[in-house]
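One structure is given here, and the rest of the page talks about it.
Keep in mind the model is a prediction, meaning the values are calculated, not measured. Order of the sequence lines fixes the chain letters, A, B, ..., with proteins taken first and strands second; residue numbering starts at 1 for each chain.
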Protein chains: 4
Amino acid sequence: MGAVKGVKAKRMPRAVREQQMMDAAVHIFGRRGYRAASMDEIAELAGVSKPLVYLYLNSKEELFTACIRREAARLTEAVKAAIEPGLAADRQLWAGLEAFFRHTAENPDAWSVLHRQARTHGEPFAAEVTAMREELTAFVTFLIGAAAREGTPPAPGTAGAGRSGELADRDIEGLAQALVGAAESLAGWANESDKLAAKDAAATLMNFAWTGLGGLMRGERWSPR
Amino acid sequence: MGAVKGVKAKRMPRAVREQQMMDAAVHIFGRRGYRAASMDEIAELAGVSKPLVYLYLNSKEELFTACIRREAARLTEAVKAAIEPGLAADRQLWAGLEAFFRHTAENPDAWSVLHRQARTHGEPFAAEVTAMREELTAFVTFLIGAAAREGTPPAPGTAGAGRSGELADRDIEGLAQALVGAAESLAGWANESDKLAAKDAAATLMNFAWTGLGGLMRGERWSPR
Amino acid sequence: MGAVKGVKAKRMPRAVREQQMMDAAVHIFGRRGYRAASMDEIAELAGVSKPLVYLYLNSKEELFTACIRREAARLTEAVKAAIEPGLAADRQLWAGLEAFFRHTAENPDAWSVLHRQARTHGEPFAAEVTAMREELTAFVTFLIGAAAREGTPPAPGTAGAGRSGELADRDIEGLAQALVGAAESLAGWANESDKLAAKDAAATLMNFAWTGLGGLMRGERWSPR
Amino acid sequence: MGAVKGVKAKRMPRAVREQQMMDAAVHIFGRRGYRAASMDEIAELAGVSKPLVYLYLNSKEELFTACIRREAARLTEAVKAAIEPGLAADRQLWAGLEAFFRHTAENPDAWSVLHRQARTHGEPFAAEVTAMREELTAFVTFLIGAAAREGTPPAPGTAGAGRSGELADRDIEGLAQALVGAAESLAGWANESDKLAAKDAAATLMNFAWTGLGGLMRGERWSPR
DNA sequence: AATGAATGAGATTTCATTCAT
DNA sequence: AATGAATGAAATCTCATTCAT
């Protein structure tokens, strides 16, 4: 990939070239960071001249934004596609988590762009990621709520299955926030030099979350003193 | 801070000046990122001329490294200082977590440097953070191990108390990652329009973590099908 | 004017298309200046693609030259057309001036190209304007000469009517320059917050010019001491 | 002037260097125009590196503005310095005109910047020149008014000296506008290849203006038909 | 007759870094 | 201990111009 410098690029329809450019851009942005990435390098990797990148994507800022948007859409799509509506809430959550970790593991540069680079730099970019995060969080909130209503979380032989009343809506939303954050953080860590396969990451988090959730719903609480 | 331009800085011992420079640098690096931060801005905020920064800290790279090292040391110090040796493992863990979250909340720029900026850029820097992470992880591993031996985690009467062997070091490190991510996410969410007091967020997280951890250590597992 | 982008332009005979392009070019050159004008903008305003502009007009330089030539021709044409040969010299002169000012006022972009932009840039262009200027100057010289011979200028009963020899060609050209400058300045001033109707401005200038000219031709001179 | 490339410039105090830079900038801007002038060329002519120009003058735009301001101030200063308050209005006007033409002839690049380049490009710049022009115009307005009151303009043997009542304030201001415009235009023309010495230009204009003014004040009017 | 795709060359601007005092 | 003066190198972005259809 990335044609030799000085060789004229073969003619291609604009839509295709734009995707190639964004592929290259995601790769470079993901590894170098927004500032350290150079348009020269991106153009070269895309196999075209710099002016063409500007002609199609206008500026470094817009290019970065376009990358964020595309990768955010791809990620949420991957998660949504993995879920089969009929299943129980825990199975849906598991499927979603697994898809999330698989997708981020398979597209580490894209994930770096979304999770690290976009957040590191100011306001045009952070908002894009916030939108994606909100979509995911809303989804998880829904699932946790459903799980609570179904009484699914493991009540190992013990009493009050389904005492979901103790989990207020605010708590549920908070848990969803925490879960999404945990997943994001784990994904980044897992990608660093293959410390954890996607499935293992999903399992660890699911175990952690599900047993924890179960405990909470049974009324278990930890407090200092 | 940040002396008026053109006014000659008062003579100060080198050690003090270096700290001022690093204060400024952490502030700027934390907000702008490594690449976007400019030595000009740092020098101005420190209230000295640029050549003095170079005289004392040699280069941007070394300055950044020095910042990372100092802030990593401060963070681990804060965590260690919070722990009273005599206490039960769960209390120690709680105290450590609280100190960690307090310190990072009170020093957001430092935390940004450690957590975001240092990882975003290549190899001279990442290693510094890895060192800190290893120190903290070892500490947590020790505490969890101790807790497991003590049988502290909740619902102790139940099943296999003390089957701590099932939590490999790798899992512990992963959980730490997840916790940090969850905490950050919660913090961001809580700050946004006062949805949750910071204290409540910490409590929710600890409950979540502790019951989850307890469940895991009792051998509870979630698995598909 | 300026077709919507992406819509294929209707086929038109070359001559028409060239005029459209030059219309657009004069507009853009007149407002932006030669260097700041971009071929992109010109092509878009003309409603055609850039390669077509190059096909017909070869280069930016040639396009600019073509604009200068066309507008110079239009201006001299307008002046000549206004004059009815039978009239007295002063009436002819008045008619010419009026036509000149009317045309330039009605075609400000064209006038900007001729008066400002063409002179600002090097040698291919200045020569074009010089040619026009010489044509106009020759014309005015002739009329003033005629007026002098006719003894038209005011207060004819007085002193040395017809001492036109004292006005060298160089003086006439200088006066033309001064008149143009005065007219432009007056025009700008009159337009600004309606301080003076355009007509009044022209009358004031003509009075000023004509009486001054008359005085000069009668041999009146102002000199220090 | 304009040190050889690659040779390090000798150290100089900032104020001096700034003037050298502006000298070079006026030269280049005046000949090439704002857009065609390159910061590279300006820096080289000034004998310094480009970054130093930016360090001191911030941007091309600010550099251009600084040039305009400096040259406008110099020109108005030159005109004002030439006038001796005690003299009659016509002598003052003459002295001012002569100084104006001399200064513009001696500083053709500066005059090009003020008269041609600054007006050719948009709004940050035009305003600067407008201020200068207004100062000069106000001055001339005052002198013409004074002349009218003194009844100075040549009343060659004829009747109504001092019929200044016929020149309303608005007319006087209009004449001043025209005079300043004429002078500006003449100055540009005279500079082009030495067609007219400064003194001759002043004389021509003074004759033109003074006799014309006299005629107007005697009630002479030209009107079509 | 007309255009979508593509680029070489050069513009302004920024930044880490050094020198001389 | 401290700084004003200065720069090499590289970044983003623009533009006139051509090629293939």
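Across the protein-nucleic acid pair, D:L55 atom CG and E:dA16 atom P stand 14 Å apart, rounded to whole Å. For A:I42 and F:dA10, the CD1 to P distance is 18 Å, given to the nearest whole Å. Straight-line distance from the CD atom of B:E18 to the P atom of F:dA1: 10 Å, rounded to whole Å.
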| said: Return a single string for nucleotides 14-21 of chain F, one symbol per nucleotide in 5' to 3' order, where B is base contact, S is sugar-phosphate-only contact and - is none, cutoff 4.0 angstrom on heavy atoms. | reply: BBSBBBS-
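Closest-nucleotide positions on DNA chain E for C:M12 and A:R14 were compared, and the one nearer the 5' end corresponds to C:M12. Between B:L52 and D:S49, it is B:L52 whose nearest contact on DNA chain F lies nearer the 5' terminus.
Using a 4.0 Å heavy-atom criterion, one finds that D:P13 contacts the sugar-phosphate atoms exclusively.
Remark: A:R116 CZ is packed, more than 12 non-hydrogen atoms of other residues, nucleotides or ligands lying under 6.0 Å away. Annotation for D:R17: atom CZ counts as buried by contact number, over 12 foreign heavy atoms lying within 6.0 Å.
For the atom pair CD of B:Q117 and OH of B:Y34, the computed distance is 12.0 Å after rounding to the nearest 0.5 Å.
Between B:R70 and B:D23 there is a salt bridge, since a side-chain N of the basic residue sits under 4.0 Å from a carboxylate O of the acidic one. A salt bridge does not link D:K50 to D:E44: none of the charged nitrogens lies less than 4.0 Å from a carboxylate oxygen.
Summarising the base pairing, F:dA5 is matched to E:dT18 through a Watson-Crick or G-U wobble pair whose two defining distances lie under 3.5 Å. Shown here, F:dT12 forms a base pair with E:dA11; the pair counts as Watson-Crick or G-U wobble because both key distances fall under 3.5 Å.
Ring geometry, C:H115 versus C:W111: the interplanar angle falls under 30°, so the pair is classed parallel (tilted spans 30 to 60°).
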